[in-house]
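Notes follow once the structure below has been shown.
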Amino acid sequence: MKIIQLYEVLLNSFGEQNWWPVYSGEDKFLEVSIGAILTQNTNWNNVEKALKNLINAGFLNWDKLLKADTEQIKQLIKPAGFYNQKAIYIKNFVSAVYGVSKEKINRSFLLSIKGIGEETADSILLYGLDRLYFVVDAYTKRIFYRTGLINRPAIRYGSLQQYIQQNIPPDLKVYKEFHALIVELGKRACRKKPLCAGCPVNHLCLKRPV
DNA sequence: AGCCAGGCCAAGC
DNA sequence: GCTTGGCATGGC
């Protein structure tokens with residue numbers, strides 16, 4: 001199987017995902033950034049509860065978050081889990097980015113913020129700032145290894161990102177949809193304990209263990 | 001009712 | 001450089 005085939009099969013089976021933004025049209029940068037931090041190793045259902053808490057409290061707002069006490073944020077984001085860490089990460093992010101023009105925000109700047117790793121940074125860049133960075137996550141590695149697109153399960157983030165970016169068109173829509181489709185496949189079929197019956201790429205897969 | 005979720009950081013080798 | 005432990009809620 002080729003990478004672009006995987007994309008096409010997933011798009012045909014699942015349709016467009018249209019992931020982000022969910023709530024705010026005008027400040028998607030903030031919504032995506034907070035959502036990306038909250039979803040670190042966390043089910044999106046739980047993230048939605050936390051996001052709604054923030055929105056209902058009027059806290060999905062740069063000024064409110066900047067001034068907010070960390071304890072207030074902890075209480076609001078509790079459903080997302082790891083809330084002690086994530087509240088600090090959110091404060092770190094808002095403090096670092098507040099008042100900085102979007103043109104000056106790049107990958108290395110985001111990575112310098114404690115709590116923003118490679119996947120979170122690339123999610124913010126791609127979905128929040130429309131920059132051409134492909135988002136690699138645990139599902140991507142698992143699916144690419146099982147299907148045989150890569151030969152070892154533990155590949156470095158940057159290596160897999162480069163490999164994918166060199167094999168798909170440099171198009172924001174494709175980048176956004178492909179990552180979302182990979183997550184959807186991971187949720188529906190390519191779980192830790194795979195549900196291969198009904199998987200849309202079953203016929204193209206090597207079914208490697210783990 | 002245990003397993004798992006759209007990671008990250010710090011510490012240890 | 002790679003591996004491990006800690007962080008936490010809620011759904012299935």
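In what follows, every chain begins at residue 1, and chains take the letters A, B, ... in the order their sequences are listed.
Taking the C1' atom of each, B:dC4 and C:dA8 are spaced 12 Å apart, rounded to whole Å. For the P atoms, the distance from C:dC7 to B:dA1 is 26 Å, rounded to whole Å. With both ends at atom P, the span from C:dT4 to B:dG6 equals 23 Å, rounded to whole Å.
Note: CD (A:Glu118) to C1' (B:dG7) measures 11 Å, nearest angstrom. Atom CD in A:Glu48 sits roughly 13 Å away from atom C1' in C:dG11 (whole-Å rounding). Between the CD1 atom of A:Ile77 and the P atom of C:dG10 there is a distance of 12 Å, given to the nearest Å. To the nearest angstrom, P of B:dC8 lies 12 Å from CZ of A:Phe82. Atom pair A:Asn43:CG and C:dC12:C1' shows a separation of 10 Å (rounding to whole Å applied). Atom NZ of A:Lys86 is separated from atom P of B:dC8 by 11 Å (rounded to the nearest Å). Protein atom CZ of A:Arg156 is 6 Å distant from nucleotide atom P of C:dG1, rounded to whole Å.
Closest to the side chain of A:Glu119, from the set B:dG6, C:dG10, C:dA8, is B:dG6. Distances were taken from every side-chain heavy atom of A:Asn41 (C-beta onward) to each of B:dC4, B:dG6, B:dG7; the shortest belongs to B:dG7. Closest contact between the side chain of A:Gln40 and the listed nucleotides C:dA8, B:dG7, B:dA5 involves B:dG7. When the nucleotides B:dG7, B:dG6, C:dT9 are ranked by their closest atom to the side chain of A:Asn46, C:dT9 comes out on top. When the nucleotides C:dC7, B:dG6, C:dT9 are ranked by their closest atom to the side chain of A:Tyr83, C:dT9 comes out on top. In this structure, the nucleotide among B:dG6, C:dA8, C:dT9 sitting nearest to the side chain of A:Pro79 is C:dT9. The side chain of A:Trp19 lies closest to B:dG6 when the candidates are B:dG7, C:dC2, B:dG6. For A:Tyr89, taking side-chain heavy atoms from C-beta onward, the closest of the listed nucleotides B:dA5, C:dG11, B:dC8 is B:dC8. Comparing atom distances between the A:Val183 side chain and each of B:dG6, B:dG7, C:dG1 picks out B:dG6 as nearest. If you check B:dA5, C:dT9, C:dC7 against the side chain of A:Tyr139, the one that comes closest is B:dA5.
Checked by atom type and distance alone, the side chain of A:Thr42 pairs as donor or acceptor with a backbone atom of A:Gln40 at under 3.5 Å. No donor-acceptor pair closer than 3.5 Å links the side chain of A:Thr39 to the backbone N or O of A:Gly35. Distance alone, capped at 3.5 Å, places no donor-acceptor pair between the A:Ser159 side chain and the A:Ile155 backbone.
Heavy-atom distances to DNA chain B give each of A:Gly115 and A:Trp20 a nearest nucleotide, and the one nearer the 5′ end belongs to A:Trp20. Both A:Lys114 and A:Ala36 lie near DNA chain B, and the one whose nearest nucleotide falls closer to the 5' end is A:Ala36.
For C:dG11, one of the phosphate oxygens OP1 or OP2 lies less than 4.0 angstrom from a side-chain nitrogen or oxygen of A:Lys49. Contact annotation: A:Asn84 side-chain N/O to C:dA8 OP1/OP2 distance is under 4.0 Å. Distances shown here put a side-chain N or O of A:Arg142 below 4.0 Å from the OP1 or OP2 atom of B:dA5. Close to B:dC3, at under 4.0 Å from its OP1 or OP2, lies no side-chain N or O of A:Arg191. In this structure, A:Thr120 reaches the B:dC8 phosphate: one of its side-chain N or O atoms is under 4.0 Å from OP1 or OP2.
Here CD of A:Glu8 is found 12.0 Å from CD1 of A:Ile3. Values are rounded to the nearest 0.5 Å.
The shortest side-chain heavy-atom distance between A:Trp20 and A:Leu126 does not fall under the 4.5 Å cut-off.
Taking the six-membered ring where the residue is Trp, A:Trp19 and A:His179 present perpendicular rings, their angle passing 60° and hence far from 30°.
Where DNA chain C pairs in unbroken runs of 3 or more (Watson-Crick or G-U, both distances under 3.5 Å), the stems are B:2-5 with C:9-12, B:7-13 with C:1-7.
In the model, A:Asn18 has a side-chain atom that pairs as donor or acceptor with a side-chain atom of A:Lys173 under 3.5 Å.
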Contacts under 3.5 angstrom, residues 127-136 of chain A side chains, donor-acceptor by atom type, not counting sequence neighbours:
from: A:Tyr127; atom 1: OH; to: A:Lys176; atom 2: O; distance (Å): 2.8
from: A:Asp130; atom 1: OD1; to: A:Lys28; atom 2: NZ; distance (Å): 3.3
from: A:Asp130; atom 1: OD1; to: A:Lys176; atom 2: NZ; distance (Å): 2.5
from: A:Asp130; atom 1: OD2; to: A:Lys28; atom 2: NZ; distance (Å): 3.0
from: A:Arg131; atom 1: NH1; to: A:Ile105; atom 2: O; distance (Å): 2.8
from: A:Arg131; atom 1: NH2; to: A:Lys102; atom 2: O; distance (Å): 2.8
from: A:Arg131; atom 1: NH2; to: A:Ile105; atom 2: O; distance (Å): 3.2

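Geometric assessment of A:Arg208 against the ring of A:Tyr145 yields a positive cation-pi assignment under the 6.0 Å and 45° thresholds.
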